[in-house]
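Notes follow once the structure below has been shown.
Lettering follows sequence order; numbering is per chain, from 1.
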Amino acid sequence: MEIKLTNTMSREKEVFQPIKPNKVNIYTCGLTVYNYAHIGNLRAYVFSDILRRMFEYNGFKVNHVMNITDVGHLTDDQDSGEDKLEKGARREHKTVWEIAQYYTDEFIKDLNQLNIIIPEVMPKATDHISEMIELIKLIEKRGFTYSAGGNLYFDTTQLKDYGKLARLKLDAEKTRTRVEEDTYKKNPFDFVLWFTRYKYSSHSMLWDSPWGKGFPGWHVECSAMSSKYLGNHFDIHTGGIDHIPVHHTNEIAQSEVAFGHKWVNYWLHNDFLVIEDNQKMAKSKQNFLRLQTLIDRGFHPLDYRYFLLGAHYRKNLLFSFDNLQAAKNAVEKLRDWVMRLKKVEDEPDQTAYREYQQQFNREINDDLNTPRALSVLWEVLNHDQLSGGTKLSLLENFDQVLGLNLSTGKSEELPEQLKLLVGNRDEARNQKNFKLADQLRNEITRLGYQVIDSPEGTIVKKMK
RNA sequence: GGCGGCGUAGCCAAGUGGUAAGGCGGCGGUCUGCAAAACCGCUAUUCUCCGGUUCAAGUCCGGACGCCGCCUCCA
């Protein structure tokens, strides 16, 4: 079945053609680990997870790489978040390295909780300094660099198609920068490949290089690490929409100069999660919500995953706790469906199964249309002609992509004591001894469980 | 100033030329010993507004208004 993806390079939905049949190489720009990931950041990773699951659903072998940026912007004094980190590090008597490790661990914890399949490779920037140096040497050899004021810059004026991804207008006159210009740059679009000039004398992440002791520019890491693990030409590169004009633009410039050919076939970008006034979530704006914040408020991480799936990845999504509650209610209903469906045992109807499976497949292959895919799921469940077995097997099939753990989530065994109480209550009800039945129900409730008398039998649910 | 995007019901949100998916919420009903759940029905004559193209427009074109993002680290 055809797979269509919106390629930022062409701004169009294109039919996906892999470089190697049935194989796909994906690179995702990961997190900069100087703070917790906020739920907006996490949207990007649920998106890349849906992408990889979609490919697997279509029978592809996926090789997914997601980097961990643990160097590169840590000394940028324009980042107000940085200062807090430095202070925090000092207060906690930790090194930058320890801080990076801590937030990396927290990040991976978030990924796991969101049921995101951990990428095959999660390379750390600091483990790949030599690869970056080699890459910069290649760029230098081709004559696209210059050094000034202690830093080595990439000379964008020499690259005729610089800015093609973002369709930048390279008229320096019209480019107004909102911050003080780096006076060493020959052109405002030029960027640093290697720093030896830095603001904080206490900076501890330093490496020797042909250009002096220092550290790499941010963009280099993605070029160096992706080529190491995916080759010099690979299928898909993903990231947030904010990366288009600078980060990805510069990655392309460096890589295509270094390798001398086209670098990435498809560029996919997710839009932002926004809050109340349609504003983007940002640490500087005090509207920074973590996954843990949601959990503390009584939500399950997968409630948030469902919430994200309800909107298309290329559109703004408005977050609010009311909206998250709506998602939570929907997930709850889905889990109830599963419990009921598991009580009936019948063979799936192959014709109907195939029909809906194809429909779901079409939606997910159409630029990852998860809202449509979810509506197929609801359509299946609400269908009054489909057998329970058909519904359950379709639901389990769809969940391979949705990743909501619908069928496995709450199958834990009930405590013996509870089973006994439930059994006794059923017995009492059969004998119309409702007084005893209610008494037993009260006991069950006290143990934190809810009894539901469904037509398919008694269902016991743990209460939250 | 440049670039990009958005404006669909009470809320979230699909739909990019053929007559408004889905979820949440709400209302009414059925069922049930009760409760809950479940089930059934209803919940946008209309897609910010104004023009235009077309047999036909949330959907294309032009304009207005409103909102957001990027151009600085950023998912």
Side-chain angles (χ1 to χ4, degrees), chain A residues 8 11 13 28-32 34-35 37-48 69 72-82 163 166-169 171 173-182 188-189 218 238-247 249 269-274 277-284 306-307 309-320 322-331 333-334 336-337 339-340 363 369-379 382 384 429 432-435 437-438 441 445 450-456 459 461:
Chain A
T8 305
R11 309 286 162 95
K13 222 188 262 185
T28 295
C29 278
L31 194 74
T32 303
Y34 64 100
N35 204 336
H38 62 235
I39 58 173
N41 295 322
L42 262 13
R43 184 183 190 193
Y45 308 116
V46 169
F47 152 61
S48 64
T69 301
H73 340 145
L74 293 177
T75 59
D76 193 330
D77 62 354
Q78 278 147 12
D79 187 345
S80 55
E82 162 57 16
R167 304 193 175 176
L168 299 177
K169 296 234 166 90
D171 188 343
E173 296 295 308
K174 287 189 176 172
T175 306
R176 194 176 67 180
T177 42
R178 281 191 269 149
V179 289
E180 209 178 310
E181 197 54 55
D182 176 347
F189 292 100
W218 175 38
T238 79
I241 196 172
D242 54 325
H243 284 326
I244 298 169
V246 179
H247 185 48
T249 287
H269 295 95
N270 65 280
D271 211 320
F272 287 125
L273 180 80
V274 295
D277 309 314
N278 284 320
Q279 299 217 347
K280 127 187 200 193
M281 183 166 291
K283 289 154 193 170
S284 53
Y306 182 95
F307 167 77
L309 266 34
H312 189 93
Y313 76 91
R314 293 183 56 253
K315 279 213 176 168
N316 274 170
L317 171 58
L318 184 64
F319 178 86
S320 72
D322 282 350
N323 297 160
L324 183 60
Q325 183 64 46
K328 182 184 177 176
N329 293 347
V331 171
K333 268 196 180 179
L334 290 175
D336 287 347
W337 264 109
M339 278 196 284
R340 273 179 284 128
E363 299 299 359
N369 198 333
T370 51
R372 281 257 165 192
L374 284 178
S375 80
V376 175
L377 172 61
W378 287 106
E379 194 186 318
N382 293 324
D384 53 8
R429 289 185 70 227
K432 308 255 183 230
N433 186 350
F434 297 121
K435 197 172 174 186
D438 287 350
R441 180 167 63 194
T445 308
Q450 185 190 6
V451 188
I452 299 163
D453 301 324
S454 86
E456 290 85 14
I459 290 172
K461 252 177 36 173

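Between A:Gln325 and A:Ala166, the residue anchored nearer the 5' end of RNA chain B, judged by the nucleotide with its closest heavy atom, is A:Ala166. Mapping A:Ala330 and A:Asn270 onto RNA chain B by nearest heavy atom places A:Ala330 at the nucleotide closer to the 5' end.
A:Gln450 places its CD atom 14 Å from the P atom of B:A35, with the value rounded to the nearest Å. One interatomic measurement links the two molecules: CZ of A:Phe307 to P of B:C12, which rounds to 10 Å at whole-angstrom precision. The CZ atom of A:Phe189 sits 12 Å away from the P atom of B:C71 (whole-angstrom rounding). Taking atom CZ on A:Arg314 and atom P on B:G5, their separation rounds to 9 Å, with Å as the unit. Atom-to-atom, CG of A:Leu273 to P of B:G5 comes out at 20 Å; the value is rounded to the nearest Å. At whole-Å resolution of the value, CG in A:Leu31 and C1' in B:C73 are 12 Å apart. Rounding to whole angstrom units, CG of residue A:Leu317 and C1' of B:A75 are separated by 13 Å. Atoms CG (A:Leu334) and P (B:A37) sit 16 Å apart, rounded to a whole Å.
In this entry B:C60 has B:G52 as its Watson-Crick or G-U wobble partner, both defining distances falling under 3.5 Å. Pair assignment for B:U46 gives none, since no Watson-Crick or G-U wobble pairing has each distance under 3.5 Å. Nucleotide B:G28 forms a pair with B:C40, judged by Watson-Crick or G-U wobble geometry with both contacts under 3.5 Å. Across the strands present, B:G7 finds its partner in B:C65; the criterion is a Watson-Crick or G-U wobble pair with both atom distances under 3.5 angstrom. In this structure, B:A21 makes no Watson-Crick or G-U wobble pair, since no nucleotide meets both defining distances under 3.5 angstrom. Base-pair partner of B:U16: not found among the strands shown (Watson-Crick or G-U wobble, both distances under 3.5 Å).
Taking a centre distance below 5.5 Å and an interplanar angle below 30 degrees as the stacking criterion, A:Phe434 stacks against the six-membered base ring of B:G33.
Across B:C24, B:C70, B:A75, the shortest atom-to-atom separation from the side chain of A:Pro245 is found for B:C70. The side chain of A:Asp336 approaches B:A37 more closely than any other nucleotide in the set B:A37, B:C39, B:G69. With B:G4, B:G5, B:A13 as the choices, the nucleotide that has an atom nearest any side-chain atom of A:Asp271 turns out to be B:G5. Comparing B:C12, B:G15, B:G23 by their closest approach to the side chain of A:Leu318 singles out B:C12. Closest to the side chain of A:His312, from the set B:G25, B:A75, B:A14, is B:A14. Set against B:C34, B:A36, B:G22, the side chain of A:Trp378 has B:G22 as its closest nucleotide. Distance from the side chain of A:Val246 is smallest for B:C73 among the nucleotides B:A75, B:C73, B:C24.
Considering every non-hydrogen atom in both A:Asn323 and A:Leu318, the closest pair reads OD1-O, 3.1 Å. Contact detail for A:Phe434 and A:Arg429: the closest heavy-atom pair is CE2-O, 4.1 Å.
Residue contacts shown for A:Asp384 are absent, as no nucleic acid heavy atom lies under 4.0 Å away. Among the heavy atoms of the strands, none lies under 4.0 Å from A:Ile244. At a threshold of 4.0 angstrom between heavy atoms, the contacts of A:Arg429 include nucleobase atoms, whether or not backbone atoms are also involved. Counting non-hydrogen atoms under 4.0 angstrom, A:Tyr45 reaches the backbone sugars and phosphates but no base. A:Val376 comes within 4.0 angstrom of no nucleic acid atom, judged by non-hydrogen atoms across all strands. The residue A:Lys333 sits close only to the backbone: its heavy atoms come under 4.0 Å of sugar-phosphate atoms, none of a base. Residue contacts shown for A:Gly239 are limited to sugar-phosphate atoms, with no base heavy atom under 4.0 Å away. Counting any heavy atom pair closer than 4.0 Å across all strands shown, A:Asn323 reaches sugar-phosphate atoms only and no base atom. A:Arg441 comes within 4.0 angstrom of a base, heavy atoms only.
Between A:Lys328 and B:C24 there is no side-chain polar atom (N or O) within less than 4.0 angstrom of OP1 or OP2. Close to B:A35, at under 4.0 Å from its OP1 or OP2, lies no side-chain N or O of A:Thr445. Using a 4.0 Å cut-off, some side-chain N or O of A:Asn382 falls inside it from OP1 or OP2 of B:G23. Side-chain N/O atoms of A:Lys435 include none lying less than 4.0 angstrom from OP1 or OP2 on B:C34.
Distance check, rounded to the nearest 0.5 Å: OG1 of A:Thr8 to NE2 of A:His243 gives 12.0 Å. Note that CG of A:Leu317 is 9.5 Å distant from CG of A:Asp271, once rounded to the nearest 0.5 Å.
Comparing the same atom, C1', in B:U53 and in B:C61 gives a spacing of 7 Å after rounding to whole Å. Taking atom P on both nucleotides, B:U45 is separated from B:G33 by 41 Å, rounded to a whole Å. Look at the C1' atom in both B:C31 and B:C39: the space between them is 8 Å, to the nearest Å. Nucleotides B:G58 and B:A9 place their P atoms 15 Å apart, quoted to the nearest Å. Taking the P atom of each, B:A36 and B:G26 are spaced 13 Å apart, rounded to whole Å. For the C1' atoms, the distance linking B:C55 with B:G63 amounts to 26 Å, nearest Å. Comparing the C1' positions of B:G7 and B:A13 gives an interatomic distance of 13 Å, to the nearest angstrom. Straight-line distance between the C1' atoms of B:U54 and B:U16: roughly 16 Å, to the nearest whole Å.
Between A:Phe307 and A:Phe319, the two ring planes are perpendicular [angle over 60°; tilted spans 30° to 60°].
Side-chain to base pairing of A:Asp438 with B:G33: one donor and one acceptor N or O lie within less than 3.5 Å of each other.
B:G69 shows a glycosidic angle more than 90° from 0 and is accordingly assigned anti.
Side-chain contact between A:Asn382 and A:Trp337 is present, with at least one heavy-atom pair separated by less than 4.5 Å. In this structure, A:Thr28 and A:Phe47 have side chains that are not in contact, with every pair of non-hydrogen atoms separated by 4.5 Å or more. In this structure, A:Val46 and A:Arg43 have side chains that are not in contact, with every pair of non-hydrogen atoms separated by 4.5 Å or more.
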Given the rule in the side-chain contact (heavy atoms from CB on, under 4.5 Å) test, do A:Asp336 and A:Arg340 qualify, once you have shown the distances and angles that lead to the verdict? CA-CA 6 Å; A:Asp336 287 347; A:Arg340 273 179 284 128; 4.1 Å; yes
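The backbone N or O of A:His269 lies less than 3.5 Å from no partner atom in the side chain of A:Thr238, so there is not a single donor-acceptor pair.
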